[in-house]
Amino acid sequence: MQSAAFTFSPSPSTLKPRRLISSSSTTTCSLPPRFGPIRAFSSSKRYDLDSNNVVFPRRSWSLSSASSSSLSRPWNPLPPLVSESKTERFEVRATAVPESAGEGEEKSSLVKTLELGLLFGLWYLFNIYFNIYNKQVLKVFPNPVTVTAVQFAVGTVLVIFMWTFNLYKKPKISGAQLAMILPLAVVHTLGNLFTNMSLGKVAVSFTHTIKAMEPFFSVVLSAMFLGEMPTLWVVGSLLPIVGGVALASVTEASFNWAGFWSAMASNLTNQSRNVLSKKVMVKNEESMDNITLFSIITIMSLLLLAPVTIFMEGVKFTPAYLQSAGLNVKQVYTRSLIAALCFHAYQQVSYMILQRVSPVTHSVGNCVKRVVVIVSSVFFFKTPVSPINSLGTGLALAGVFLYSRVKRIKPKPKTA
């Protein structure tokens with residue numbers, strides 16, 4: 001739609017000078033005996049259809065008398081303001097203004113869509129690289145506690161770098177806030193530790209198939225600690241998840257109980273973190289954005305895990321130890337660094353996406369991400385997969401997708 005801008009352009013008017021009538025002895029002023037009717041002179045309409053301009057009809061109004069020759073007016077010392085040859089007119093023209101507001105909104109919407117698509121692509125890409133490089137490190141260096149501590153250490157360096165150079169605003173944290181965040185940091189540390197323990201024991205595809213059980217733990221923990229009872233739709237969506245994981249576990253070639261229970265413990269701790277975040281982060285004046293919260297949790301996780309690493313596995317990530325174990329030091333360090341960078345990057349991008357979309361959309365994206373990781377790991381590591389195993393994995397992932405959809409269905413309020 002085009003808008004119109006109206007401009008008034010007056011042209012000079014004719015103000016007739018008043019005549020001075022004089023006689024030899026006295027000066028007399030006489031008023032006109034009568035006035036004629038008001039006459040309206042109108043020019044024809046003119047429309048410029050090609051340029052979308054509309055020129056409104058011109059009208060001039062004059063007040064005339066029947067006998068203008070006999071008019072006598074009082075003497076006026078002021079000179080005439082303008083020439084007699086011009087008449088006063090006001091023109092109203094509607095000029096076309098290019099429509100830019102609508103185009104600007106469309107461009108802004110397109111940019112946001114492209115930006116969101118780029119974030120989803122980076123989320124999946126970082127996750128794929130993390131799982132591949134992390135698995136390669138854990139194969140030759142089976143010390144999951146040390147590997148997890150290294151990942152938290154690299155993440156801490158990145159956080160401090162962003163805060164130092166004002167790439168992200170450094171928060172002001174009180175002691176009360178740190179006390180509230182501490183339980184979240186504990187379960188975050190355990191969740192990532194158990195995930196690495198599982199990845200070191202079984203195939204990447206099987207670990208992520210087991211981690212598809214996260215909705216099951218979320219429903220159970222929310223009912224136990226938050227009093228949120230699931231609807232029948234939600235309970236129904238859990239059945240294919242549980243059945244699919246069971247079917248995939250029975251037919252998994254790399255199955256072992258250590259890897260299975262580690263992945264289950266990862267599900268439990270990760271969903272405990274979500275429940276705790278709802279339970280403790282309730283005060284608006286103490287709330288913070290997700291990226292800031294993740295950054296603080298990363299630093300706290302390093303401080304929590306560093307002494308545990310030394311106590312459980314000792315200092316084994318030195319060049320001397322790796323060389324004594326017959327490992328390529330440069331290769332292990334390079335892959336560990338890439339895995340740690342991707343680990344921090346994919347989680348930070350995940351929170352950036354969560355700030356732009358609804359939790360349901362994010363959950364659907366997470367389900368797709370798991371599919372992408374499973375498929376890419378199967379092709380990269382050439383993991384043997386039987387048809388029944390594929391069916392179980394697909395059934396579990398379909399259940400996760402269904403769960404993310406039915407979570408939006410609200411239970412009908414009970415009427416008295």
Side-chain angles (χ1 to χ4, degrees), residues 120-142 144 147-148 191-218 236-268 270-271 335 338-339 342-343 346-347 350 363-405:
F120 269 99
L122 291 175
W123 187 24
Y124 297 166
L125 188 64
F126 287 142
N127 218 291
I128 291 171
Y129 274 91
F130 163 71
N131 282 277
I132 291 176
Y133 281 102
N134 198 37
K135 179 64 176 179
Q136 289 178 335
V137 172
L138 289 169
K139 271 185 175 182
V140 298
F141 184 74
V147 171
T148 307
N192 288 282
L193 175 59
F194 286 131
T195 299
N196 283 337
M197 292 173 65
S198 179
L199 288 172
K201 297 292 183 181
V202 297
V204 174
S205 57
F206 184 54
T207 296
H208 281 274
T209 300
I210 301 172
K211 286 177 71 66
M213 284 278 290
E214 283 182 349
F216 174 82
F217 288 94
S218 177
S237 68
L238 297 178
L239 296 178
I241 296 177
V242 176
V245 170
L247 187 61
S249 300
V250 171
T251 58
E252 175 61 36
S254 65
F255 178 86
N256 66 70
W257 287 108
F260 176 83
W261 287 117
S262 296
M264 283 294 187
S266 173
N267 289 336
L268 178 63
N270 285 333
Q271 295 310 308
R335 291 178 177 178
I338 295 175
C342 292
F343 169 76
Y346 92 74
Q347 296 202 54
S350 174
S363 180
V364 174
N366 190 55
C367 177
V368 176
K369 179 209 72 177
R370 206 171 295 285
V371 175
V372 172
V373 170
I374 289 174
V375 173
S376 61
S377 65
V378 167
F379 280 103
F380 185 85
F381 294 108
K382 299 179 180 179
T383 307
V385 179
S386 65
I388 299 179
N389 185 273
S390 301
L391 176 62
T393 301
L395 187 63
L397 294 174
V400 173
F401 179 78
L402 181 61
Y403 170 82
S404 66
R405 305 301 294 176

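The first residue of the sequence shown is numbered 1, and numbering continues consecutively from there. Below, each value reflects all heavy atoms present in this structure, side chains not excepted, and no hydrogens, waters or symmetry copies. Being a predicted model, the structure only gives us computed values, none of them experimental.
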d(L138 CG, R335 CZ) to nearest 0.5 Å is 12.0 Å

Output for pair (S376 OG, I128 CD1), nearest 0.5 Å, gives 4.0 Å

Heavy atoms of other groups near Y129 OH, more than 12 under 6.0 Å: no

Among all residues two or more places apart in sequence or in another chain, which pass the ring-ring contact (aromatic ring centres under 6.0 Å, His included) test with F255? F206, W257, F260

Atom of M213, atom of M264 and distance for their closest heavy-atom approach: CE-CE, 4.0 Å

Mind checking the CZ-CD1 spacing from F216 to I241? Nearest 0.5 Å is all I need. 10.0 Å

Sequence neighbours excluded, the answer for side chain to side chain contact (heavy atoms under 4.5 Å, CB included) partners of S390 is V385

Let me know which of V373, V371, V378, V372 forms a side-chain contact (heavy atoms from CB on, under 4.5 Å) with V375. V371

Residues 247-260 vs salt bridge (charged side-chain N to carboxylate O under 4.0 Å, His left out), sequence neighbours excluded, gives none

Could you tell me whether L391 atom CG has more than 12 heavy atoms of other residues or ligands within 6.0 Å of it? yes

Let me confirm one number: the NZ-CZ distance from K135 to F130, rounded to the nearest 0.5 Å. 12.0 Å

Under 3.5 Å, which donor-acceptor pairs do the side chains of residues 192-204 form with other protein atoms, sequence neighbours left out?
| unit_1 | atom_1 | unit_2 | atom_2 | d |
| --- | --- | --- | --- | --- |
| N192 | ND2 | H188 | O | 2.8 |
| N192 | ND2 | H188 | NE2 | 3.3 |
| T195 | OG1 | G191 | O | 2.9 |
| T195 | OG1 | S266 | OG | 2.7 |
| N196 | OD1 | N134 | ND2 | 2.7 |
| N196 | ND2 | T148 | OG1 | 2.7 |
| N196 | ND2 | Q151 | OE1 | 3.3 |
| S198 | OG | T207 | OG1 | 3.0 |
| S198 | OG | G259 | O | 2.9 |

The test is side-chain contact (heavy atoms from CB on, under 4.5 Å); show your working for T383 and S205 and say whether it passes. CA-CA 8 Å; T383 307; S205 57; 4.1 Å; yes

Which residues pass the side chain to side chain contact (heavy atoms under 4.5 Å, CB included) test with L239, not counting sequence neighbours? none

Nearest 0.5 Å, what's the OG-NZ distance between S363 and K369? 10.5 Å

Minimal heavy-atom distance between F381 and I132, with the atoms involved, is CZ-O, 3.7 Å

Angle between ring planes, Y346 versus F343, binned at 30° and 60°: parallel, tilted or perpendicular? perpendicular

Without placing hydrogens or testing angles, list every side-chain donor-acceptor pair under 3.5 Å for residues 392-405, not counting sequence neighbours.
| unit_1 | atom_1 | unit_2 | atom_2 | d |
| --- | --- | --- | --- | --- |
| T393 | OG1 | N389 | O | 3.1 |
| S404 | OG | F401 | O | 2.6 |

With rounding to the nearest 0.5 Å, note down the distance linking CG in N366 to CD in E214. 6.5 Å

